[in-house]
Amino acid sequence: MSKDLLFEIGLEEVPARFMRGAIEQLQERVVKWLDASRISYGEVKAYATPRRLAVLIQGVAEKQEDVEEEVKGPSRKIALDESGNWSKAALGFARSQGVDPEQFTFKELSGVEYIYATKSSKGVETSSVIGEGLLSILHAMTFPKFMRWASYDFKFVRPIRWIVALFGSEVIELEVAGVQSGNVTRGHRFLGKDTVISSASSYVETLRSEHVIVDIAEREQMIVSQIEALAAEKKWSIGIKEDLLEEVLFLVETPTVLFGTFDSSFLNIPQDVLITSMREHQRYFPVLDSEGQLLPYFVTVRNGGADSLEIIAKGNEKVLRARLSDAKFFYEEDQKLEIKDALSKLETIVFQEELGTVGDKVRRIRKIADALASKLQVSNAVAESVSRAADICKFDLVTLMVGEFPELQGVMGEDYARKANEKEDVAKAVFEHYQPRFAGDQSPASLIGAIVSAADKMDTIVGCFSINIIPTGSQDPYALRRQAAGIVQILLDHQLPLTLSDVFGVALEVHAQMNLLKRADEEVRKDLQDFFGLRVKKLLSETVRYDVVDAVISSGFDDISAIVPKGEALMAAVQTGDAFKTTVESFNRVGNLAAKASNASVHPELFVEEGERQLHEAWSKTSEEYNQALSKHATAEALAIASAWKEAITIFFDSVMVMSEDEAIRANRLALLATIDRDLKQFADFSKLVW
């Protein structure tokens, strides 16, 4: 026998950004409790609106499952004394398990007999334990921010106003923060009313009748389909940004899409400004033409029905007009600010207490960027643009527009730099130096932007590491992981002939010149190496197997441009199966004995057996070609060359006694193996591959 279980927590409006995590957590905790309580159940559905979190579990058993558990005790030898009676150890085991010794059975395990006790536990009625279980779930819930209310010690994401807890049609008794559970829920704040849920299974339709679409996916589909229908009718392109859709989804209970307009004179403001203002302040969807240009319309979602939409649109237009007027004022005022005056204001903004102002940071970025440009041997024109872009890359931080919309940093810098008659490549680099801004974002398109971006990010990382601000766990206030990943991406995408050591060294030298290193250079460098190693490992893990990642990382990752093609080439070889497996086995035989070698060089005149001559010849003929292929990042070619050594390696081990009694011959054979092993390990540590 089974019934449906409904648990709804009614709340004051919860911030939309908390909702997805909250409902997933509630569902997970309820399921875990049911599993731990040995209560079987069917399909689990989670529902949420701005004012409620709910789970509906179908087919919940009315009684816990009975359980029988077999527990292993002492061995027979220990359990019985010399007279064949139960020993103290056996009797103690019986007491600990709550069983009579006469219930013991003997079973053999790995050739030894042990006593076993079978414990039985009868399941109780679900209704007798479920109230306590749901209450424990409420108390265990966690949120980014909590609230307390009235005089209660209990805290939650927002004050709880009602609770519905039903097992079938039976109310589950529980109370929290003065709220008693029942079977009454609340409909839409303006269109609905309080209503009785007659049974758990009627939950969704009962709320629908009170103008609440409680199903998250259904509500999202309503929003998307209405927007798409409007776009088709008006021949518009309406940009549905996922994070904005997610937020709007948890702001409404009954969604109705409508549109409004704004004065076309505002289109003289950069499109990014208008879109950001609409999205961030008003939660509006922008309207574009077929060319991707902004039109003087907006789309919004009302929490309610289709009545009086014209009045609603007018109200939204009035609010948006004020927002866009502010943006227009900011834009016009910002253009009165000269770049040199903006740069002087950076001297008053603290970047980090021990690392100085943003002005100090800009000077470090300039020095690092200039040094990187020098290492890359760029042209004089590019070097000049790198210096200028580095000098002005942060000037827009003091503008009114970026003060209002921090996410427009760089966007406004590019626009204002262009209007101030900066060179086009410099203006673009001011925007690009923030890229990549997040996972999946693109790298700077230009070399100038790439150099300044790497310099900016490396300055932040080295500065923080030098004063012992190193990310631990989830703590990463300066987004150092993201910035390190950005540097790796830039080096890869632009195939810059720079090693990580080059980039570390330049930044460390600049910080040392400015007396900012609070820790030894070697310590910081080691921490940087470990930190970037994790970023490289994560990058490789997106495309290749974990053991392949370990294998190529072991060969070193200083040259970022080489590590990815190595991983791809090795992964492709591993996927060929047994053919490559035998090749790897031969490589590993070389490595195992190479570890016994001293640093002695190979002397061909000491070769005695034909097998060692053949191996030396096979290796020496193609070793240079192998290393050239590696240096050119032709990793598939390099692996093919090394794989061709397999036959000679096999013959060597089949025909040559490596550990000869003659010390000189033994040392020479080990030196040969060690020389080949050094070449192989420039590609990967093949012993880390798993078959």
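Between Y114 and F106, the gap from one ring centroid to the other reaches at least 6.0 Å. Checked against a 6.0 Å centroid threshold, the rings of F93 and F104 count as neighbours. A distance below 6.0 Å separates the ring centres of F154 and H139.
At a cut-off of 3.5 Å, with distance as the only test, a side-chain donor of E8 or T185 sits close to an acceptor on the other residue. Counted by atom type alone, S443 and Q435 present zero donor-acceptor pairs between their side chains at under 3.5 Å. Using a 3.5 Å distance cut-off with no hydrogens or angles, the side chains of Q180 and E173 do pair a donor with an acceptor. With hydrogens and angles left out, the side-chain atoms of T276 and R279 include no donor and acceptor closer than 3.5 Å.
One finds no salt bridge joining K688 and D547 here, because no Lys/Arg side-chain nitrogen approaches an Asp/Glu carboxylate oxygen to under 4.0 Å. Of the charged side-chain nitrogens involved, none lies within less than 4.0 Å of a carboxylate oxygen, so that E253 and R208 do not count as a salt-bridged pair. Using a 4.0 Å cut-off between charged nitrogen and carboxylate oxygen, E310 and K314 do not count as a salt-bridge pair. Classification of R161 and E12 as a salt-bridged pair holds, one side-chain N sitting under 4.0 Å from a carboxylate O. Using a 4.0 Å cut-off between charged side-chain N and carboxylate O, D550 and K537 make a salt bridge.
Between W691 and F580, the ring planes lie tilted relative to each other; the angle falls in the 30° to 60° range.
For R52 (side chain) and R186 (main-chain N/O), a donor-acceptor pair under 3.5 Å exists by modelled atom type.
Using a 4.5 Å heavy-atom cutoff, the side chains of I240 and I227 are in contact.
Cation-pi geometry between K3 and F167 is met: the NZ or CZ atom falls under 6.0 Å from the ring centre, inside 45° of the normal. Both cation-pi conditions hold for R535 and F531: the charged atom is under 6.0 angstrom from the six-membered ring centre and inside a 45 degree cone around its axis.
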Quiz item: Going through the distances and angles, do V164 and F7 end up as a side-chain contact (heavy atoms from CB on, under 4.5 Å)?
Solution: CA-CA 6 Å; V164 175; F7 185 41; over 6 Å; no
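Around atom NZ of K63, more than 12 heavy atoms belonging to other residues, nucleotides or ligands sit under 6.0 Å away.
Note: S169 OG to L6 CG = 12.0 Å, rounded to the nearest 0.5 Å. Note that OG1 of T300 and CZ of R302 are 11.0 Å apart. Values are rounded to the nearest 0.5 Å. Atom-to-atom distance recorded for W149:CH2 and M147:CE is 8.0 Å, nearest 0.5 angstrom.
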